[in-house]
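Report on the following structure.
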Number of protein chains: 2
Amino acid sequence: MNARHPVDAVRDSLAAPALYEQVAERLRTRIYAHELAPGAWIDEQGLADEFGISRTPLREALKVLAAEGLVVLKPRRGCYVAALAERDLDEIFPILALLEGRVAEEATRRLAGLEAGVGRLASADFSRLEEIHADLERHAAAHDIDRFFATNQQFHSALQELAGNRWLSQLIDDTRKFLKLTRRDSLRLDGRLKQSLAEHRAILAAMKKQDAAAAALHMHNHILSGRAALAKLLVQP
Amino acid sequence: MNARHPVDAVRDSLAAPALYEQVAERLRTRIYAHELAPGAWIDEQGLADEFGISRTPLREALKVLAAEGLVVLKPRRGCYVAALAERDLDEIFPILALLEGRVAEEATRRLAGLEAGVGRLASADFSRLEEIHADLERHAAAHDIDRFFATNQQFHSALQELAGNRWLSQLIDDTRKFLKLTRRDSLRLDGRLKQSLAEHRAILAAMKKQDAAAAALHMHNHILSGRAALAKLLVQP
DNA sequence: CTGAATAATACTGTATCCATAATTATGAAT
DNA sequence: ATTCATAATTATGGATACAGTATTATTCAG
């Protein structure tokens, strides 16, 4: 029962994640929800008591979050939730635009079957993307911003899968994490929903025409457009 | 990493790094040197004894390295050094090309003073880059590959500083870390030194002409060219 | 001699404990 | 009353101890 069965892979995925990982996840949730606000000090003992665990796994979790950049560890002075400045947003969004643009480009190329090595994608994969977009249109019509937000994430994730570049996806996810630190949400801005949809349509149209460069450009602009909307939110929240 | 008071930075830099950080650094060194080879199991107790410390800080260091991607933590089964597949290289290099291309672009724009917000760079900053390149030329002429390698890193670092985008730099550094896992070094390939120099010259020339797009393109090709060289090394090392 | 079942071992994950550095509170002196 | 020095408190960093699980070794049956 201990030889290398294929079942092992399953068991690994089913195995309960280590405590420090669960704790890290709970902390991430709290940070994103601003229950632990940016800049706030993190009380190790307090949280450990609250979670009903010892400080050891909690500290390991904090090390992980620190490596991710969600918290900063000041030697001998404790742990603080990271805080983003406006300048950080100005630096992050263009990078995200670059990366997501690249995703759109690679996804389109794979759809067109131009990519060397990796196989050509079935048109069913693209249909899936169109379905998600259809959902988006529905949520927008219903002014259901929360569902729109969730589905929007799905859209970008699905596109990342189409691109099939794990490293690229990783970088994007890493980068997006920081944006979650600012809980401002450009989607609530008047007209932003409609604008966002139009941008998505442009991306999809370019992909359908198998114009990778255009898809990249539209995605690039889409992300920057999100930044611009966020900036408006700053002066009038 | 964000908007800290200058005083904090000083105090932080003077404070001795926590033990787990020192350990993480030592482990990185060993991993890069392949003393801990890709795929190898990491013996916590053994290393702790060797370093003369307990398992606690060592484990914290491993958590950090895991978050960085240098090692993988298998629950209940220990820690293993990460191993890159050829496919990973194929995915990483284009991303690096994208990011470093962007660095060249932003640096050039700042030199040209076209960037909004951030100040125009002095020509002295560009001279510094040219000096480093001159060093490179010398090391190449002397066939001193080790110094060339080190100075080459300086070149790219200096360029990143000119671009002045901390997040972009961070992503690049994070990405380059993985490449150090494969100890193959394209610079040792016949003719690669000369080729690399020529590519650098093209980048510098574009920057001097304040042609940001061209600078980006040349840098992009420079990185991909490095990948191509590496590929040759695979069949004949 | 081979393979399975079981016992022994080793390692991971977590909790507890201790030492040291940092912060706050207290008190004296100007 | 304010400021500086010193003491008390608290939190962090690290070591050690222990429990639970995976791996390896051993034994026994076929």
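Here is the naming used below: chain letters follow the sequence lines, and residue numbers restart at 1 for every chain. Computed from heavy atoms alone, side chains included, the values below leave out hydrogens, waters and symmetry copies.
Spacing between atom CD of Q45(B) and atom P of dT12(C) amounts to 9 Å, rounded to whole angstrom units. We find that CG of L73(B) is positioned 16 Å from P of dC11(C), with the value rounded to whole Å. In this structure, the CD atom of E44(A) is 9 Å from the C1' atom of dG13(D), given to the nearest Å. Straight-line distance from the NZ atom of K74(B) to the C1' atom of dC11(C): 15 Å, rounded to whole Å. Atom-to-atom, CG of L19(B) to C1' of dC18(C) comes out at 16 Å; the value is rounded to the nearest Å. Look at CG on D43(A): it is 14 Å from C1' on dT23(C), rounded to the nearest Å.
Near DNA chain D, meaning a heavy atom under 4.0 Å away, the residues from residues 47-66 of chain A are R55(A), R59(A).
Under the 6.0 Å distance and 45° angle rule, R183(B) does not count as a cation-pi partner of Y32(B).
The base of dT21(D) has none of its N or O atoms less than 3.5 Å from a complementary donor or acceptor on the side chain of R76(B).
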Practice prompt. Report the C-alpha separation of I172(B) and E100(B) in whole Å, then their side-chain angles, then the decisive distance to 0.1 Å, and conclude whether the side-chain contact (heavy atoms from CB on, under 4.5 Å) test is met.
Written response: CA-CA 7 Å; I172(B) 290 174; E100(B) 296 243 28; 3.9 Å; yes

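Set against dA11(D), dT12(C), dT23(D), the side chain of W41(A) has dA11(D) as its closest nucleotide.
Between D125(B) and R110(B) no salt bridge is recorded (no basic side-chain N to carboxylate O distance below 4.0 Å).
In this structure, H200(B) and F155(B) have parallel ring planes: the angle between them is below the 30° cut-off, well short of the 60° mark. Ring geometry, H222(A) versus H156(A): the interplanar angle falls under 30°, so the pair is classed parallel (tilted spans 30 to 60°).
S225(B) and R192(B) share a donor-acceptor pair across their side chains, judged by distance under 3.5 Å alone.
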